[in-house]
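Okay, structure first, notes after.
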Amino acid sequence: RDLTDAQMNERLSPFGQEYAMIAPMMNQLTAWSHDGKIKAVIEREDHGEQVISLGAWEAVVSFGGAGRGNKAPLNAEPTGKAMIVKLDENKFMLIGTLCHFTFRPTGSNQGKAWQYLSVKEGKFEKGAFKFLRVLNGDETDWGGPRLGAKPTVLEATLLLR
């Protein structure tokens, strides 16, 4: 069946928003990719959480709509996406839609207490991250930030306690 222009625009709209968000950071993404600093996951049909190994940390990415806690309502369709860029041992760029990020220390630090030192929401302009606001405790409770349907870029710094 043929789609109308309006239906096609509606289906492609989320991708347009995502491309518009990452376009100003393409040079950084290219460099980070070359250096092996990027890890990405997409939501699978089973909507299950996925673990990303990041050296001294593991990121646990779960998927679902807005809501408090780790068990937000599942996405109707598996459309969640997450990308993590390891900037240094404890600092990460978190990029995504319809997902939730949390971390856990690995190796000799496994099971130790940790916290977010800072989580900043921002955007890239002329190749540089420009922070717009600092997320507060309510927005990082339950282990970490939850990103909604609007593509979002966060810079997160972690601290072992």
Side-chain angles (χ1 to χ4, degrees), residues 18-19 21-72 74-75 78-161:
E18 290 166 352
Y19 284 118
M21 178 198 57
I22 65 168
M25 55 194 297
M26 290 308 271
N27 288 337
Q28 286 75 21
L29 287 171
T30 301
W32 291 330
S33 177
H34 180 267
D35 294 341
K37 295 182 177 185
I38 297 176
K39 305 279 183 146
V41 295
I42 59 171
E43 185 174 8
R44 298 181 302 231
E45 294 288 327
D46 68 2
H47 305 282
E49 68 181 28
Q50 299 179 47
V51 177
I52 299 172
S53 179
L54 299 163
W57 298 92
E58 285 182 335
V60 180
V61 181
S62 58
F63 299 93
R68 290 187 57 90
N70 290 328
K71 299 296 180 193
L74 292 177
N75 296 326
T79 56
K81 298 167 210 67
M83 181 179 357
I84 299 177
V85 180
K86 183 178 177 182
L87 300 174
D88 69 30
E89 197 62 31
N90 300 309
K91 189 174 185 178
F92 304 92
M93 195 68 58
L94 311 176
I95 304 162
T97 56
L98 297 170
C99 64
H100 175 252
F101 293 96
T102 192
F103 290 84
R104 58 186 178 220
T106 63
S108 62
N109 291 317
Q110 187 173 359
K112 289 187 178 179
W114 68 277
Q115 67 184 46
Y116 288 99
L117 184 60
S118 70
V119 180
K120 300 173 184 175
E121 182 177 347
K123 63 181 180 176
F124 272 76
E125 288 181 357
K126 299 179 184 174
F129 181 74
K130 303 288 184 186
F131 100 88
L132 302 171
R133 69 186 187 102
V134 176
L135 274 63
N136 62 35
D138 288 349
E139 295 167 300
T140 58
D141 279 350
W142 310 99
R146 180 172 299 284
L147 306 184
K150 178 185 173 199
T152 304
V153 179
L154 303 174
E155 181 184 84
T157 304
L158 311 178
L159 176 70
L160 280 172
R161 296 195 284 176

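For reference, positions follow the sequence shown, starting with 1.
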Just jot down the side-chain hydrogen bond (donor to acceptor under 3.5 Å, both in side chains) partners of W57, sequence neighbours excluded, or say none.
->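 Expected list: N90.
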Taking every non-hydrogen atom, the tightest pair across [X] and [Y]:
X	Y	answer
L135	P145	CD2-CB, 4.0 Å
V51	R104	CG2-NH2, 3.5 Å
E45	P78	OE2-CG, 3.6 Å
M25	M21	SD-O, 4.2 Å
I95	L147	C-CD1, 4.3 Å

Which residue pairs satisfy the salt bridge (charged side-chain N to carboxylate O under 4.0 Å, His left out) criterion with at least one member in residues 92-101, sequence neighbours excluded?
->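 Checked against salt bridge (charged side-chain N to carboxylate O under 4.0 Å, His left out) - neighbours excluded - no pair reaches residues 92-101.
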Within residues 24-38 or reaching into it, pairs that qualify as salt bridge (charged side-chain N to carboxylate O under 4.0 Å, His left out) - sequence neighbours excluded =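 Residue pairs with at least one partner in residues 24-38: there are none.
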The salt bridge (Lys or Arg N to Asp or Glu O under 4.0 Å) partners of K86 (sequence neighbours excluded) come to E89
Taking side chain as C-beta onward, heavy atoms only, is [X] less than 4.5 Å from [Y]?
X	Y	value
F103	I52	no
V41	K39	no
V61	F63	yes
I84	I38	no

Residues pairing under side chain to side chain donor-acceptor pair (under 3.5 Å) where one sits in residues 111-128, two or more places apart or in two chains, turn out to be N109-K112, E121-R133, K123-E125
Show your working on ring-ring contact (aromatic ring centres under 6.0 Å, His included) between F92 and F101 and close with a plain yes or no.
-> CA-CA 11 Å; F92 304 92; F101 293 96; 10.0 Å; no
Donor-acceptor contacts, no H, no angles, side chain residues 149-161, under 3.5 Å, sequence neighbours left out:
from	atom 1	to	atom 2	distance (Å)
T152	OG1	K150	O	2.9

